[in-house]
Amino acid sequence: MMHKARPLFIVAFFSLLLAACGSNVKPENEAGGGVRIGSSERDGLASEEWGYDPLTRRTVYFEFNSAQLDDETRFIVEAHAYYLAANPGVPVTLEGHADERGTREYNLALGERRAEGVSRMMSSLGVDRSRVTTISYGEEKPAAVGQDESAWRLNRRVEIIYGN
């Protein structure tokens, strides 16, 4: 019973935290720098460990041929999940992408697995799945053009987009 109550407590805690600073919370587009929350309110998410406010990151990256969420990706997704849990009227789209290696079908499936993995984590943290749309573009919308690791690394991603 204690195990099931912990995620609810965490969501409730961060919901109250974000509600208390509601005037500072506002989603913006990527060019505007993501979601702004004053630094004093973010202390609970240990942003000092990573050196940035996780809500400013709207893209999470993956290793080659993987849909596993690493520690930094989980940190970013967790922050967005808490924001969404505290703002039930905000829908989100998760766009999954892959680099150009592999067949078109494989890359579409990999992009879908990546987006679904992020969606599952958000759901486990209290975000209603009906508010989350997932889509895979596979290799069709690269963030970087090139045939080297630096370009491929930027293309293995899920983009978190508020408002559908």
Side-chain angles (χ1 to χ4, degrees), residues 7-8 10-12 14-15 17-19 21-37 41-42 45 47 50 52-145 151-164:
L8 292 175
I10 293 170
V11 169
F14 282 102
S15 296
L17 179 69
L18 289 172
C21 63
S23 63
N24 291 335
V25 178
K26 72 175 190 181
E28 296 179 343
N29 63 22
E30 219 35 307
V35 177
R36 274 192 260 148
I37 294 179
E41 290 87 359
R42 303 305 308 152
L45 290 178
S47 58
W50 296 101
Y52 60 86
D53 180 343
L55 289 175
T56 63
R57 301 289 173 100
R58 303 274 292 276
T59 303
V60 293
Y61 297 95
F62 295 84
E63 293 297 321
F64 174 69
N65 198 30
S66 175
Q68 288 288 96
L69 283 69
D70 64 18
D71 289 343
E72 184 173 16
T73 298
R74 284 192 296 272
F75 174 66
I76 294 166
V77 172
E78 182 177 271
H80 284 280
Y82 293 142
Y83 169 77
L84 289 164
N87 295 278
V90 178
V92 66
T93 298
L94 304 172
E95 294 183 350
H97 300 269
D99 64 35
E100 65 187 29
R101 297 173 290 178
T103 65
R104 182 178 188 280
E105 294 78 19
Y106 178 82
N107 288 336
L108 283 169
L110 181 56
E112 183 67 22
R113 284 196 313 274
R114 288 172 173 163
E116 283 296 322
V118 171
S119 177
R120 278 191 305 277
M121 182 176 178
M122 286 181 168
S123 177
S124 74
L125 293 170
V127 178
D128 184 349
R129 286 188 71 109
S130 68
R131 297 171 47 208
V132 180
T133 301
T134 60
I135 187 168
S136 176
Y137 289 106
E139 63 191 69
E140 302 302 318
K141 289 187 168 186
V145 179
W152 294 329
R153 184 178 323 113
L154 295 173
N155 292 329
R156 299 187 302 253
R157 69 195 189 282
V158 167
E159 294 183 23
I160 301 167
I161 302 169
Y162 288 108
N164 308 25

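Computation of the quantities below employed the complete heavy-atom set of this structure, encompassing side-chain atoms and omitting hydrogens, waters and symmetry-equivalent molecules.
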Review point. Going through the checks in order, is the side chain to side chain contact (heavy atoms under 4.5 Å, CB included) test met by Glu100 and Trp152?
Key: CA-CA 7 Å; Glu100 65 187 29; Trp152 294 329; 3.6 Å; yes
Are the side chains of [X] and [Y] in touch, meaning some heavy atoms are under 4.5 Å apart?
X	Y	value
Glu159	His97	yes
Asn155	Glu139	no
Leu84	Tyr162	yes
Arg101	Arg156	yes
Val132	Leu94	yes
Tyr61	Thr73	no
Phe64	Asp99	yes

Compare every heavy atom of [Y] with every heavy atom of [X], then report the nearest pair and how far apart it is.
X	Y	result
Arg131	Val90	NH2-O, 2.7 Å
Gly96	Ala115	N-CB, 4.0 Å
Ala67	Phe62	O-CE2, 3.6 Å
Ala85	Pro88	O-CD, 4.1 Å
Gly138	Leu108	N-CD2, 3.7 Å

Point to revise | salt bridge (charged side-chain N to carboxylate O under 4.0 Å, His left out) assessment of Glu95 paired with Arg58 | key: CA-CA 11 Å; Glu95 294 183 350; Arg58 303 274 292 276; over 6 Å; no
Exercise for review: Kindly indicate, with the supporting measurements, whether the criterion side chain to side chain contact (heavy atoms under 4.5 Å, CB included) is fulfilled by Thr134 and Glu112.
Suggested key: CA-CA 7 Å; Thr134 60; Glu112 183 67 22; 3.4 Å; yes
Check your understanding: Got more than 12 heavy atoms from elsewhere within 6.0 Å of CD, Glu140?
Key -> yes
Exercise for review: Kindly indicate, with the supporting measurements, whether the criterion side chain to side chain contact (heavy atoms under 4.5 Å, CB included) is fulfilled by Arg129 and Met122.
Suggested key: CA-CA 8 Å; Arg129 286 188 71 109; Met122 286 181 168; over 6 Å; no
Practice item. Using atom types as modelled and distance alone, determine if a side-chain donor or acceptor of Ser123 lies under 3.5 Å from a backbone N or O of Arg120. Key: no
Check your understanding: Do any N or O atoms from the side chain of Arg114 and from the backbone of Ser66 form a donor-acceptor pair under 3.5 angstrom?
Key -> yes
